[in-house]
Number of protein chains: 2
Amino acid sequence: MQEGTETSSGHPQETRPKAELAWDVYAKSCPTRVLLDRIADKWTVLLLTTLKGGPMRFNALKRRVEGVSQKMLSQTLRQLERDGLVSRSVEATVPISVTYAITPLGQTLVAALQPMVDWAESRMPDVVEAQVAFDRRASLT
Amino acid sequence: MQEGTETSSGHPQETRPKAELAWDVYAKSCPTRVLLDRIADKWTVLLLTTLKGGPMRFNALKRRVEGVSQKMLSQTLRQLERDGLVSRSVEATVPISVTYAITPLGQTLVAALQPMVDWAESRMPDVVEAQVAFDRRASLT
DNA sequence: CCGTATCCCGACAGATACTG
DNA sequence: CAGTATCTGTCGGGATACGG
């Protein structure tokens, strides 16, 4: 396994064994970074919001999200399970079936993310407008 | 320039010219992904919250954030400026001086991000606890 | 059906050196 | 001081194939 296995580091691309300060990103205790690394994950939010609608099986999720590879799906789900945001239950049917569900903790996260989503929906036009203006200015240089 | 130059695509790693559906990540209009790509950016939130405390010069920011390279700093700042979240003003002093400040729009984003930050601070212990439990279970396999 | 293991490429961060 | 240019290594993550 190549990625997503670090136990508690939190620095995705730490490649400096020499420095003793090891650039603790901003302050001594900045839990924001840790959370951010999770949210930054391409599929985390998508899966969490999807599971908010109710428990789902692996392949159902795969179909619903559509674009996620098996690798990323299982990888992300395991991450989420490890973080206690999603629960995994196995039923010993003939072809084994696994169901994923959002946990209460996961629900609180989704709720906390809502203002961000709302912001995106209401303010994104402003951002796009700003981008267009910026690009126009840049292009006529 | 190699990265962060795409004008309106929004898909960071689109490498499939064949498919006509081109996996629009989840739904037809999902501004969440666009915003997420911005927030996922390693330094965006950090810079935004730093600038919330008041305007700053380039090197001042570089010192304050500590860990960011010139490249990533200038790159991220330009992104933020393009998105209309940060403003850039140049004073023609002898050694030129440039000041960055957060815009009103940027402030609304920071505000919208606050619940997420609060969540991180209050619930992160739960997450860490879940991780420890998960890893214990995994290790004794 | 539910994953894990392997291969491989492109994106992107960091370091360094140079310019206005 | 405020950047840009380039080079390089590392890692995310898609495709594929295989195991329980």
Side-chain angles (χ1 to χ4, degrees), chain A residues 1-6 9-19 22-23 25 33 37-38 40-44 46-47 55-63 65-81 88-100 138 141, chain B residues 1-6 9-19 22-23 25 37-38 40-44 46 55-63 65-79 81 86 88-100 138 141:
Chain A
M1 193 171 297
Q2 179 188 184
E3 63 265 343
T5 322
E6 86 291 353
S9 76
H11 293 317
Q13 282 176 221
E14 176 65 280
T15 357
R16 307 194 300 181
K18 48 175 179 177
W23 71 280
V25 205
R33 281 286 335 136
D37 286 346
R38 205 94 311 158
D41 222 75
K42 197 169 188 174
W43 309 107
T44 306
L46 234 34
L47 287 177
M56 270 197 189
R57 303 262 301 274
F58 186 87
N59 278 336
L61 277 169
K62 187 164 180 297
R63 268 187 300 274
V65 173
E66 187 180 9
V68 68
S69 60
Q70 296 160 347
K71 179 183 174 182
M72 291 321 296
L73 183 54
S74 102
Q75 196 173 290
T76 308
L77 283 171
R78 196 167 340 112
Q79 270 285 337
L80 291 173
E81 189 195 0
R88 189 185 111 117
S89 53
V90 183
E91 287 130 285
T93 53
V94 183
I96 194 173
S97 60
V98 183
T99 307
Y100 294 90
T141 304
Chain B
M1 193 173 296
Q2 179 188 184
E3 63 261 344
T5 321
E6 86 289 351
S9 78
H11 293 318
Q13 283 178 222
E14 176 65 279
T15 358
R16 306 194 299 180
K18 47 176 179 174
W23 70 280
V25 205
D37 286 346
R38 207 95 312 159
D41 222 75
K42 198 169 187 175
W43 308 108
T44 306
L46 234 33
M56 269 196 189
R57 303 263 301 274
F58 187 87
N59 279 336
L61 276 168
K62 187 165 182 297
R63 268 186 300 275
V65 172
E66 186 179 12
V68 69
S69 61
Q70 294 161 347
K71 181 184 172 180
M72 291 320 296
L73 183 54
S74 100
Q75 197 172 290
T76 308
L77 283 171
R78 197 166 341 110
Q79 270 284 340
E81 189 196 358
V86 156
R88 190 185 110 117
S89 53
V90 184
E91 287 129 284
T93 53
V94 184
I96 195 173
S97 59
V98 183
T99 307
Y100 293 90
T141 305

| task | Identify the two heavy atoms, one from B:Leu77 and one from B:Phe58, that lie closest to each other, and give their separation to 0.1 Å. | result | CD1-CD1, 4.1 Å

| task | For residues B:Ile96 and B:Glu91, report the shortest heavy-atom separation together with the two atoms involved. | result | CG1-O, 3.7 Å

Any side-chain N or O of [X] under 4.0 Å from OP1/OP2 of [N]?
| X | N | answer |
| --- | --- | --- |
| A:Arg88 | C:dC2 | no |
| B:Ser74 | D:dA2 | no |
| B:Tyr100 | D:dG3 | yes |
| A:Arg57 | C:dG3 | no |

In whole angstrom, what separates [X]'s [atom1] from [N]'s [atom2]?
| X | N | atom1 | atom2 | value |
| --- | --- | --- | --- | --- |
| A:Arg78 | D:dG13 | CZ | C1' | 14 Å |
| A:Met72 | D:dT16 | CE | C1' | 16 Å |
| B:Leu73 | C:dC12 | CG | P | 18 Å |
| B:Leu46 | C:dA13 | CG | C1' | 16 Å |
| A:Lys62 | C:dG3 | NZ | C1' | 12 Å |
| A:Leu80 | C:dG3 | CG | P | 13 Å |
| B:Gln75 | D:dT4 | CD | P | 10 Å |

| Checking side chain to side chain contact (heavy atoms under 4.5 Å, CB included) for the pair B:Lys62/B:Asn59: CA distance, chi angles, key distance, verdict? | CA-CA 5 Å; B:Lys62 187 165 182 297; B:Asn59 279 336; 4.1 Å; yes

| said: The side chain of A:Val98 is closest to which nucleotide in this list: C:dC1, C:dC2, D:dC1? | reply: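 Selected nucleotide: C:dC2.
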
| message | Nearest to the side chain of A:Lys71, heavy atoms from C-beta on, is which of C:dG3, C:dG14, D:dA15? | response |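 Given the options C:dG3, C:dG14, D:dA15, the side chain of A:Lys71 is closest to D:dA15.
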
What N/O pairs connect the protein and nucleotides 17-20 of chain D at under 3.5 Å? Give each pair on its own line.
unit_1, atom_1, unit_2, atom_2, d
D:dA17, N6, A:Gln70, OE1, 3.4

Output the distance between atom [atom1] ([X]) and atom [atom2] ([Y]), rounded to the nearest 0.5 Å.
| X | Y | atom1 | atom2 | result |
| --- | --- | --- | --- | --- |
| B:Arg38 | B:Gln79 | CZ | CD | 4.0 Å |
| A:Met56 | A:Leu47 | CE | CG | 10.0 Å |
| B:Glu81 | B:Thr76 | CD | OG1 | 12.5 Å |

| said: Quick one, A:Thr99 and A:Val90 - any side-chain contact, counting heavy atoms below 4.5 Å? | reply: no

